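Report on one structure; see the data block that follows.
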Amino acid sequence: MKKLEPTARQLKSERDRLSSLGLPSLGFCDRDLRTAAALTWRINALKKLKRAVIPGHVYQRPEILLGVADFVGDSYKLAKLCAQTQAKTIVFGGVRFMAETAKILNPEKTVLLPASGAGCSLSESITAADVRALKARHPGAPVATYINTSAEVKAASDVIVTSANAEKILKRLFAKHPQVIFIPDELMGKNLAQSLGKSLETELIIWRGTCIVHDKFDPFAIALYRKRYPGVKILAHAECSPSLVALVDFVGGTGGMMEYVEKTEAPYYMLVTECGLGELARVRFPDKKFVFMCRLCPYMKLVDLPSILRVLEKPEPSDAIEVPADVAAKAKGALQRMFELAEDTAPL
Ligand code: 13P
Ligand code: SF4
């Protein structure tokens, strides 16, 4: 495909647009803005030409979220919006399980992942054979599976959950079943057992996967931050350890954390999660103060503007997400069950 070339004037106006979106507040200097503008201008032009959309998970780089993403959110919001998009092509700003989810929901569309190595430690911790073995060991127990899993694992599950709805969906499952299997996040499973008042291994059966970003946060640092920043509100992702979760003011997914910041007043906020969320929060809430205990996800950060431009300009066969039709059909059923249960407002 012929390369699109912006004029000097178009480049200057794209640089000004990026500047107005808040990137300078995250440390982008004039040279960074000009480098980003040359890429975002081309990406946005190609998106129009190819009828493509870019969903961006909140852990993506800020120049992606602010410069080229069409919708930004947590795993649940992105899955829901991908199910509704009219675009021909989806270029996923996120990791493989998210792009696979988009493909499962849109088998007729082209779904491209700009970085083939963008995996997830949770997704890699379990196989479909493991799920089948768990089911055989606990007959009759429904399998609620975190969205951070492969298409094959989703296909072997009864219902998918995300951090935004895991508690609600598990409550509904427990209303009908004495035992529920939750996979693969061990720490989130322990946090859910605690909040639902269920005992591990008899009522809630869990797996041993962890997120390599969230399992490393140190609960001992929390008391130090509280002393150093009086009044700080500390928010932790539900993938963190129960010993850390016990010490914080709010626990939930990235969507819930952003909502908490929006709806509360505090002298400082600390978001114990991947660093991208804090950067986005600083841009969205410029009048609030943020202190940082964050870590980078090495998988999420594999996607950048050059890789997005590359897949739009000249996609390789290995950039396209493919899910076998029988796997996709079963996985779609489990995702649809999530949408139904997550949106269900009937009292228990
Ligand atoms: P949510 O944005 O859905 O909370 O998920 C966090 C995560 O770790 C995604 O990889
Ligand atoms: Fe996976 Fe953790 Fe990275 Fe999310 S932050 S993609 S759960 S490794």
Side-chain angles (χ1 to χ4, degrees), residues 55-62 64-65 69 71-83 92-102 113-126 144-150 153-154 160-170 182-189 191-192 207-217 235-241 244-245 248 250-261 271-281 284 293-304 335 338-339 342:
H57 185 265
V58 288
Y59 294 163
Q60 290 285 284
R61 297 163 188 273
I64 294 177
L65 298 183
F71 37 94
V72 171
D74 64 7
S75 311
Y76 185 68
K77 181 174 170 187
L78 295 183
K80 220 174 136 182
L81 292 175
C82 279
F92 215 102
V95 292
R96 183 167 295 274
F97 75 81
M98 296 177 174
E100 272 187 0
T101 302
L113 181 63
S116 64
C120 168
S121 61
L122 281 169
S123 182
E124 278 135 38
S125 73
I126 190 160
T145 295
Y146 197 32
I147 198 164
N148 299 37
T149 41
S150 68
V153 166
K154 286 185 178 74
I160 306 305
V161 305
T162 76
S163 59
N165 54 41
E167 190 170 325
K168 177 175 179 180
I169 291 180
L170 258 61
F182 172 74
I183 53 167
D185 190 334
E186 178 181 1
L187 301 179
M188 189 184 279
N191 291 327
L192 284 165
W207 189 246
R208 52 173 184 273
T210 60
C211 160
I212 53 161
V213 173
H214 292 93
D215 70 358
K216 308 272 187 315
F217 287 114
L235 291 67
H237 197 278
E239 293 168 6
C240 292
S241 69
L244 187 142
V245 159
V248 303
F250 175 85
V251 56
T254 56
M257 291 165 90
M258 284 299 245
E259 201 180 317
Y260 183 98
V261 172
L271 309 181
V272 186
T273 188
E274 210 276 346
C275 303
L277 191 73
E279 288 177 327
L280 192 62
R284 282 199 186 155
M293 181 158 86
C294 73
R295 292 172 56 83
L296 294 171
C297 173
Y299 304 110
M300 283 281 179
K301 263 42 187 189
L302 284 178
V303 179
D304 56 11
L335 281 161
M338 167 180 78
F339 292 130

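Atoms within each ligand, like the ligands themselves, are counted from 1 in listed order. In this text the structure is predicted, and so the values were computed from the model without any measurement.
The atoms of ligand 1 that sit less than 4.0 Å from any heavy atom of M300 are 10 (O). Applying the 4.0 Å criterion to heavy atoms of G253 picks out, from ligand 1, the atoms 4 (O). If you number the atoms of ligand 1 from 1 as listed, the ones under 4.0 Å from a heavy atom of M98 come out as 9 (C), 10 (O). Interface of S163 with ligand 1, defined as ligand atoms under 4.0 Å from a residue heavy atom, comprises 1 (P), 3 (O), 4 (O). Near S121, the atoms of ligand 2 lying under 4.0 angstrom from a non-hydrogen atom of the residue are 8 (S). For ligand 2, the atoms sitting less than 4.0 Å from at least one non-hydrogen atom of L122 are 7 (S), numbered in the order shown with element in parentheses. Listed by atom number, the atoms of ligand 2 under 4.0 Å from C211 heavy atoms are 2 (Fe), 5 (S), 7 (S), 8 (S).
Between C120 and C211, the SG-SG separation does not fall below 2.5 Å.
Remark: R96 does not engage E124 in a salt bridge, criterion side-chain N to carboxylate O under 4.0 Å.
Of all protein heavy atoms, the one lying nearest to atom 5 (O) of ligand 1 is S75 OG, 3.4 Å. Shortest contact from atom 1 (Fe) of ligand 2 to any protein heavy atom: C120 SG, 2.4 Å. Looking from atom 6 (C) of ligand 1 to the surrounding protein, the closest heavy atom is H237 NE2, 3.4 Å. At the shortest separation from atom 8 (O) of ligand 1 among protein heavy atoms lies E239 OE2, 3.1 Å.
A donor-acceptor contact shorter than 3.5 Å is absent between the side chain of E167 and the backbone of L192. A donor-acceptor pair under 3.5 Å links the side-chain atoms of N191 to the main chain of L187, judged by distance alone. With hydrogens and angles ignored, the 3.5 Å screen pairs no side-chain donor or acceptor of T145 with any backbone N or O of K154.
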Legend entry - Candidate pair Y146 and S75, rule side chain to side chain donor-acceptor pair (under 3.5 Å), full reasoning: CA-CA 10 Å; Y146 197 32; S75 311; 5.8 Å; no
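The nearest non-hydrogen atom to atom 4 (Fe) of ligand 2, considering only N148, V213, D185, comes from N148.
With a 4.5 Å cut-off on side-chain heavy atoms, I212 and P298 count as touching. At a threshold of 4.5 Å between non-hydrogen side-chain atoms, the residues T149 and P184 count as touching.
Between T254 and Y59, the side chains place no donor N or O within less than 3.5 Å of an acceptor N or O (distance only, hydrogens not considered).
For ligand 1, the polar-atom distance check finds an N/O of T254 within less than 3.5 Å of one of the ligand's N/O atoms. No N or O atom of D74 sits closer than 3.5 Å to an N or O atom of ligand 1. Residue contacts with ligand 1: T162 is placed with no nitrogen or oxygen under 3.5 Å of a nitrogen or oxygen of the ligand (distance criterion only).
The line from SG of C240 to CG of D215 is 9.0 Å long, rounded to the nearest 0.5 Å. Here the straight-line distance linking atom CG of L280 with atom NE2 of H57 works out to 10.5 Å at 0.5 Å rounding. Taking OG of S163 as the reference point, atom OH of Y76 lies at 12.0 Å (rounded to 0.5 Å).
Using a non-hydrogen distance threshold of 4.0 Å, E274 does not register as a contact of ligand 1. At least one heavy atom of N148 sits closer than 4.0 Å to an atom of ligand 1. Under a 4.0 angstrom heavy-atom cut-off, M257 registers as lying outside contact with ligand 1.
Taking 2.8 Å as the criterion, C297 counts as a coordinating residue of atom 3 (Fe) of ligand 2, since one of its N, O or S atoms falls below it.
Of the heavy atoms in E239, only side-chain atoms (C-beta onward) come closer than 4.0 Å to ligand 2.
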